[in-house]
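Encoded as structure tokens, the structure appears first; notes follow it.
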Amino acid sequence: MKKIVFITLSLLLALSFWNCEKDDICAEGTPTTPRVIIEFYDAANPTVLKNVTNLRVEEFGTGEGVVFNENLPETSPARFLTNENKIAIPLKTFDNISEFDFKFNYGDASENNDVITFNYATQEVYISRACGYKMTFQLDATDGTVITSDANNWIQNIIVNQPNIENENEVHVKIYF
């Protein structure tokens, strides 16, 4: 009788381990869909990084701002402003064009808006069963970025530094103003 109980418990224990699955948790540092990294330079001295002043970047036509200060409350307008020389903005993963309104000196009487269009191809890259897929982007070779010209552009020039947007470890676009 003791042998039957022992064998039964052993089998139940073995079956319980057999039914276990590996945890499907996407690790914290797993690469996700990269944003386009943009650096700002002084147009008069092209090798010198230059900070923007109260820059707000919005998806063109929607008024939805890119968040630069995630630690600020959602109701704070400063959440969408930056005064840095390097920013990261997300491209649309379901389209091949993203348009952004770059508002320099936002909220000031001297506010100046320039619209930049990013033209690109997308590619799905498999990460893992837990993490799924991420998208990578390839900026168009002939017109990867296009600025809408007006009589008062604050952006003087745009150069695509790295057309392959596969990670956020390098600068993809340089803007001179």
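The model shown is predicted, which means the values in this text are computed figures rather than measured ones.
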Between [X] and [Y], is there a shared hydrophobic cluster once you connect ILVMFWY residues whose side-chain heavy atoms come closer than 4.5 Å?
{"X": "Leu55", "Y": "Val66", "value": "yes"}
{"X": "Ile155", "Y": "Ile89", "value": "yes"}
{"X": "Tyr176", "Y": "Ile147", "value": "no"}

Give, for atom [atom1] of [X] and atom [atom2] of [Y], the distance between the pair rounded to the nearest 0.5 Å.
{"X": "Thr62", "Y": "Phe60", "atom1": "OG1", "atom2": "CZ", "value": "10.0 Å"}
{"X": "Leu72", "Y": "Arg79", "atom1": "CG", "atom2": "CZ", "value": "7.5 Å"}
{"X": "Ile175", "Y": "Asn85", "atom1": "CD1", "atom2": "CG", "value": "12.0 Å"}
{"X": "Glu111", "Y": "Asn105", "atom1": "CD", "atom2": "CG", "value": "8.0 Å"}
{"X": "Lys134", "Y": "Ile127", "atom1": "NZ", "atom2": "CD1", "value": "5.0 Å"}
{"X": "Asn54", "Y": "Lys103", "atom1": "CG", "atom2": "NZ", "value": "13.0 Å"}

Using the rule side chain to side chain contact (heavy atoms under 4.5 Å, CB included), only one of Asn161, Ile38, Ile165 pairs with Val173; which is it? Ile38
Test side chain to side chain contact (heavy atoms under 4.5 Å, CB included), reference Phe68, set Leu81, Asn83, Ile87, output is Ile87
Does [X] use its side chain to pair, donor to acceptor, with the backbone of [Y] at less than 3.5 Å?
{"X": "Asp143", "Y": "Thr145", "value": "no"}
{"X": "Glu168", "Y": "Arg35", "value": "yes"}
{"X": "Asn69", "Y": "Asn71", "value": "no"}
{"X": "His172", "Y": "Leu139", "value": "no"}

Does a side chain donor of either [X] or [Y] reach within less than 3.5 Å of an acceptor in the other side chain?
{"X": "Tyr41", "Y": "Glu39", "value": "yes"}
{"X": "Glu166", "Y": "Thr136", "value": "no"}
{"X": "Tyr120", "Y": "Ser98", "value": "yes"}

Answer yes or no: is there a side-chain heavy-atom contact under 4.5 Å between [X] and [Y]?
{"X": "Phe80", "Y": "Val67", "value": "yes"}
{"X": "Val146", "Y": "Ile116", "value": "no"}
{"X": "Phe177", "Y": "Val52", "value": "yes"}

Between Asn113 and Asp150, is the side-chain contact (heavy atoms from CB on, under 4.5 Å) condition met? List the steps. CA-CA 9 Å; Asn113 302 348; Asp150 60 24; over 6 Å; no
Please determine whether side-chain contact (heavy atoms from CB on, under 4.5 Å) holds for the pair Asn112 and Asn152, giving the CA-CA distance in whole Å, both sets of side-chain angles, and the decisive distance to 0.1 Å. CA-CA 8 Å; Asn112 192 338; Asn152 189 25; 3.3 Å; yes
Carefully, step by step, assess Gln123 and Met135 under the rule side-chain contact (heavy atoms from CB on, under 4.5 Å). CA-CA 6 Å; Gln123 181 180 1; Met135 296 295 270; over 6 Å; no
N-O pairing of Glu59 and Lys92 below 4.0 Å: yes
On a heavy-atom basis, the closest approach of Phe40 and Lys86 is CD1-N, 4.5 Å
Tell me whether the rings of Phe102 and Trp154 are parallel (<30°), tilted (30 to 60°) or perpendicular (>60°). tilted
Walk me through it: do Asp101 and Val57 pass the test side-chain contact (heavy atoms from CB on, under 4.5 Å)? CA-CA 6 Å; Asp101 194 355; Val57 178; over 6 Å; no
Could you please spell out the steps behind the side-chain hydrogen bond (donor to acceptor under 3.5 Å, both in side chains) verdict for Thr53 and Tyr106? CA-CA 8 Å; Thr53 306; Tyr106 181 76; over 6 Å; no
